Number of protein chains: 2
Amino acid sequence: MVKLDSVFHALADPTRRAILARLIEGEATVDEIREPFAMSQPSISRHLKVLEQAGLISARIEGTSRPRRIEPVAFAVIEDWLEQYRAIWQANYARLDEVLTELKLKDDAT
Amino acid sequence: MVKLDSVFHALADPTRRAILARLIEGEATVDEIREPFAMSQPSISRHLKVLEQAGLISARIEGTSRPRRIEPVAFAVIEDWLEQYRAIWQANYARLDEVLTELKLKDDAT
DNA sequence: TCATTATATATTACATCAGCTATATAGCAA
DNA sequence: TTGCTATATAGCTGATGTAATATATAATGA
């Protein structure tokens, strides 16, 4: 049912956002997802569970592996929630555009 | 510096999202913000602090009160982060549009 | 100055989170 | 069946989150 509470909670963790970023490239197994992280397999599986329960990803069973992929609906729900604030931030767009460019240079955008 | 960790964490709480929704209408003092909630004033102040530290709102001092308002930059940062997923969810847009309509009928969109 | 109003901070209790290690399960291959 | 690989679950621990009550601070008005 894609609840904003769990969606935003899932997104609040940098490891989970990095996992999502990896899945933009396409499906990946737990081991493939785990590879770049200095983290135990159970911890990664836990993160995947949080993402899955939030509706942000889904799993498919293929033999002994369970490749994950991004589930677009949850992102649409965020987009939809954000909609009500768009009028406010677009009113300041001229400035914000510059601000964002600066932020992108400084910040870690994952 | 608007960190996604703190932004998403702030948004994960329904009370805080309701506060933001209230602020869409415009500036409000703590007491005004508090009014619809069955919650103590310190708890509301705590939520406001979380929102402020995430960069989602800001405070202004006016006599003895400190009206809050929405800070657009943080929302632009979310929008910007979401951007990388837009291609994925828009690919499924035809279906998603219907899904969202359904979700809006069922869910609490705050 | 004193009282009042608006808001913030301190403290405490309890719940949830995020990591780990150890162990369980499920499919495949020999 | 046995063992190997991929993944999930259980249980523990320390850190963090959220709510409450009690108290502090800061501005205003009498």
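Each chain gets a letter, A, B and so on, in the order its sequence line appears, and its residues count up from 1. Keep in mind it's a predicted model, so treat the numbers as computed, not measured.
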Length of the [atom1]-[atom2] vector between [X] and [N], whole Å:
X       : N      : atom1 : atom2 : value
B:Leu48 : D:dT18 : CG    : C1'   : 14 Å
A:Met39 : C:dC17 : CE    : P     : 16 Å
A:Arg17 : C:dA18 : CZ    : P     : 12 Å
B:Asp13 : D:dA19 : CG    : P     : 6 Å
A:His9  : D:dT16 : NE2   : C1'   : 11 Å
A:Arg16 : C:dG19 : CZ    : C1'   : 12 Å
A:Glu35 : D:dA6  : CD    : P     : 14 Å
B:Leu51 : D:dG17 : CG    : P     : 14 Å

Worksheet item: Pick the nucleotide of DNA chain C nearest each of A:His47 and B:Pro42; which residue has the one closer to the 5' end?
Response: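 This one resolves to B:Pro42.
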
Item to complete: Using heavy atoms to find the nearest nucleotide of DNA chain C for A:Ile61 and B:Lys49 separately, return the residue whose nucleotide is more 5′.
Response: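 Final value for this comparison: B:Lys49.
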
Worksheet item: Should the pair A:Phe75 and B:Tyr85 be assigned to parallel (<30°), tilted (30 to 60°) or perpendicular (>60°) ring geometry?
Response: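 The arrangement is parallel - the two ring planes meet at less than 30°.
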
Practice prompt. Taking all heavy atoms of A:Ile70 and all of A:Leu20, pick out the closest pair and write down the distance.
Written response: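 Closest heavy-atom pair between A:Ile70 and A:Leu20: CD1-O, 3.6 Å.
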
Item to complete: Verify the neighbour count for atom CZ of B:Arg16: are there more than 12 heavy atoms of other residues, nucleotides or ligands below 6.0 Å?
Response: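 Enclosed: over 12 neighbouring heavy atoms sit under 6.0 Å from CZ of B:Arg16.
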
Worksheet item: Hey, are A:Glu83 and A:Arg86 close enough for a salt bridge, meaning a charged N less than 4.0 Å from a carboxylate O?
Response: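 Answer for the salt bridge query: yes.
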
Short heteroatom pairs, N/O only, protein and nucleotides 3-7 of chain C, under 3.5 Å:
unit_1, atom_1, unit_2, atom_2, d
C:dA6, O4', B:Thr64, OG1, 2.9
C:dT7, OP1, B:Val30, N, 3.4
C:dT7, OP1, B:Arg66, N, 3.3
C:dT7, OP2, B:Asp31, N, 3.0

Worksheet item: Under 4.0 Å: is that the gap between some side-chain N or O of A:Ser43 and OP1 or OP2 of C:dC20?
Response: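 Yes, within the criterion.
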
Worksheet item: Distance-only, no hydrogens or angles: does the B:Arg68 side chain make a donor-acceptor pair with backbone N or O of B:Arg66 under 3.5 Å?
Response: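 The answer is yes, because a donor-acceptor pair under 3.5 Å joins these two groups.
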
Discussion item. Treating A:Glu32 as the side-chain partner and A:Thr29 as the backbone partner, does any N or O pair qualify as donor plus acceptor under 3.5 Å?
Written reply: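 Checking the backbone N and O of A:Thr29 against the side chain of A:Glu32, a donor-acceptor pair under 3.5 Å is found.
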
Discussion item. Given C:dC17, C:dA8, C:dT11, identify the nucleotide with an atom nearest to the side chain of B:Arg46.
Written reply: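 Nearest nucleotide to the side chain: C:dT11.
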
Discussion item. Rounded to the nearest 0.5 Å, what separates atom CG in B:Asp31 from atom CD1 in B:Ile44?
Written reply: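 One finds 10.0 Å between CG of B:Asp31 and CD1 of B:Ile44.
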
